[in-house]
Amino acid sequence: MSAKDCGHHGKKKQKLIQRICAGVLVFIFLVLLVILLVWAILRPTKPRFILQDATVFAFNVSAPNILTSNFQVTVSSRNPNDDISIYYDKMDVYATYRGQQITLRTRLPSTYQDHKETNVWSPFIYGTSVPIAPYNGPLLQQEQNAGAVMLMIRIDGRVKWKVGSVITGHYHMHVKCPAYIQFGNPTSGVVVGDNVVKYQLLVTCSVSV
């Protein structure tokens with residue numbers, strides 16, 4: 001075989017590789033285009049979260065500004081979409097007070113949610129001897145003395161949308177549920193144990209994706 005023939009075969013191989021690469025790129029482009037078109041046509045709606053109740057096992061403030069708390073919260077999520085399913089992944093639940101995290105994060109199990117379906121979680125969240133920021137300590141003491149404390153139950157996680165057989169990439173999701181707990185009102189909750197009170201809340205949460 002001459003050098004000319006070798007050069008000819010080398011060019012054919014190079015053209016074949018270029019065609020394969022071009023074909024792969026076109027295929028990827030078409031898949032992304034289909035996902036974009038489906039997304040634009042169906043326009044998935046964010047899931048709707050409701051904080052149903054909070055059971056308080058402990059909420060004790062000791063000097064100087066040390067908080068120990070233990071809750072069980074019930075949160076529901078509904079998928080309002082007609083033709084789109086949702087995958088929930090790496091969802092962490094925790095409580096904050098005026099922007100400061102006061103409990104550890106509790107991981108919820110990964111969940112698949114079909115269209116028009118509702119899921120309910122009842123995780124425990126707690127924090128032991130958590131130092132409260134100096135600017136929050138007096139406010140927390142005042143609210144507790146007044147008999148009502150405003151907490152925020154938060155969920156941070158990721159979601160994926162499923163349309164037919166197409167599954168999108170991950171999107172970050174942040175849920176905020178205000179929990180107005182009236183410790184000083186004995187009729188606002190139901191005693192379910194020794195110094196354990198369950199408060200019915202039924203609060204609509206804000207959701208950002």
Side-chain angles (χ1 to χ4, degrees), residues 47-78 87-111 113 118-159 170-209:
R48 295 169 183 166
F49 281 78
I50 293 177
L51 176 61
Q52 297 184 355
D53 57 62
T55 302
V56 181
F57 293 85
F59 194 86
N60 303 315
V61 182
S62 58
N65 298 334
I66 299 297
L67 173 64
T68 294
S69 60
N70 188 348
F71 309 91
Q72 183 181 21
V73 296
T74 302
V75 182
S76 66
S77 168
R78 185 173 188 272
Y87 288 95
Y88 297 95
D89 186 31
K90 295 185 178 179
M91 294 201 301
D92 293 327
V93 185
Y94 58 100
T96 64
Y97 175 75
R98 294 185 179 271
Q100 179 186 351
Q101 184 174 335
I102 60 172
T103 69
L104 297 173
R105 292 170 176 253
T106 297
R107 176 64 56 88
L108 296 179
S110 297
T111 304
Q113 188 177 61
T118 299
N119 291 84
V120 180
W121 300 275
S122 296
F124 286 89
I125 52 176
Y126 65 92
T128 304
S129 300
V130 177
I132 300 300
Y135 51 83
N136 280 337
L139 294 172
L140 178 58
Q141 198 71 54
Q142 289 176 13
E143 290 184 9
Q144 192 175 32
N145 291 338
V149 176
M150 175 61 79
L151 302 177
M152 189 70 71
I153 307 301
R154 304 186 60 157
I155 303 175
D156 295 335
R158 304 187 307 177
V159 294
H170 282 106
Y171 290 83
H172 291 285
M173 180 185 68
H174 303 284
V175 181
K176 295 181 180 180
C177 308
Y180 186 67
I181 301 178
Q182 302 182 58
F183 294 102
N185 185 356
T187 63
S188 64
V190 178
V191 176
V192 294
D194 188 16
N195 293 322
V196 180
V197 182
K198 183 176 184 177
Y199 298 91
Q200 200 75 22
L201 300 173
L202 295 177
V203 176
T204 300
C205 309
S206 64
V207 181
S208 61
V209 178

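Residue numbers run from 1 in the order of the sequence given.
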Engineer: Taking ring-ring contact (aromatic ring centres under 6.0 Å, His included) as the test, write out the residues that go with F57, two or more places apart.
Structural biologist: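 With neighbours one apart ignored, the set is F124.
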Engineer: How would you list all residue pairs meeting side-chain hydrogen bond (donor to acceptor under 3.5 Å, both in side chains) that involve residues 51-69, not counting sequence neighbours?
Structural biologist: Q52-S76, D53-T74
Engineer: Starting at CE of M173, measure out to OG of S208 and round the result to the nearest 0.5 Å.
Structural biologist: 9.0 Å
Engineer: Does Y126 have any side-chain contact (heavy atoms from CB on, under 4.5 Å) partners at least two apart in sequence or in another chain, and if so, which?
Structural biologist: N70, L104, T128
Engineer: OH of Y94 to CD1 of I125: how many Å apart, nearest 0.5 Å?
Structural biologist: 10.5 Å
Engineer: Do side-chain atoms of T111 reach the backbone of P109 as a donor and acceptor pair under 3.5 angstrom?
Structural biologist: yes
Engineer: Report the distance from atom OG1 of T118 to atom CD of Q113, rounding to the nearest 0.5 Å.
Structural biologist: 6.5 Å
Engineer: To the closest 0.5 Å, what do you measure between NE2 (H174) and SG (C205)?
Structural biologist: 14.5 Å
Engineer: Kindly list each side-chain donor-acceptor pair under 3.5 angstrom involving residues 187-201, sequence neighbours excluded, with atom names and distances?
Structural biologist:
residue : atom : partner : partner atom : Å
T187    : OG1  : N185    : OD1          : 2.7
S188    : OG   : Q182    : O            : 3.0
S188    : OG   : N185    : O            : 2.7

Engineer: Sub-3.5 Å donor-acceptor pair from the side chain of Q100 to the main-chain atoms of A133, do we have one?
Structural biologist: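 The answer is yes, because a donor-acceptor pair under 3.5 Å joins these two groups.
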Engineer: Considering non-hydrogen atoms only, spot the tightest contact between A179 and I153 and give its length.
Structural biologist: CB-CG1, 4.1 Å
Engineer: Within the structure provided, determine whether V93 and V75 are in side-chain contact (heavy-atom separation under 4.5 Å).
Structural biologist: no
Engineer: If you define the side chain from C-beta out and look only at heavy atoms, does anything of P131 sit under 4.5 Å from I66?
Structural biologist: yes
Engineer: Could you tell me whether the side chain of R105 reaches within less than 4.5 Å of the side chain of D156, counting heavy atoms only?
Structural biologist: yes
Engineer: Can a donor-acceptor pair be found, under 3.5 Å and without considering hydrogens, that links the side chain of T103 to the backbone of A95?
Structural biologist: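 Confirmed, T103 side chain pairs with A95 backbone.
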Engineer: With respect to I102, which candidate in I132, N136, T96 satisfies the side-chain contact (heavy atoms from CB on, under 4.5 Å) definition?
Structural biologist: I132
Engineer: Could you work out, with side-chain contact (heavy atoms from CB on, under 4.5 Å) as the rule, every residue matching D89, not counting sequence neighbours?
Structural biologist: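 side-chain contact (heavy atoms from CB on, under 4.5 Å) list for D89, sorted by chain: S110, R158, H170.
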Engineer: Hey, what do you get for OG1 (T106) to CG (D92), rounding to the nearest 0.5 Å?
Structural biologist: 8.0 Å
Engineer: Return all side-chain donor-acceptor pairs below 3.5 angstrom for residues 138-146, not counting sequence neighbours, or 'none' if the list is empty.
Structural biologist:
residue : atom : partner : partner atom : Å
E143    : OE1  : M150    : N            : 3.4
E143    : OE2  : Y97     : OH           : 3.4
E143    : OE2  : R98     : NH2          : 2.8
Q144    : NE2  : F59     : O            : 3.3
N145    : ND2  : Q141    : O            : 3.1

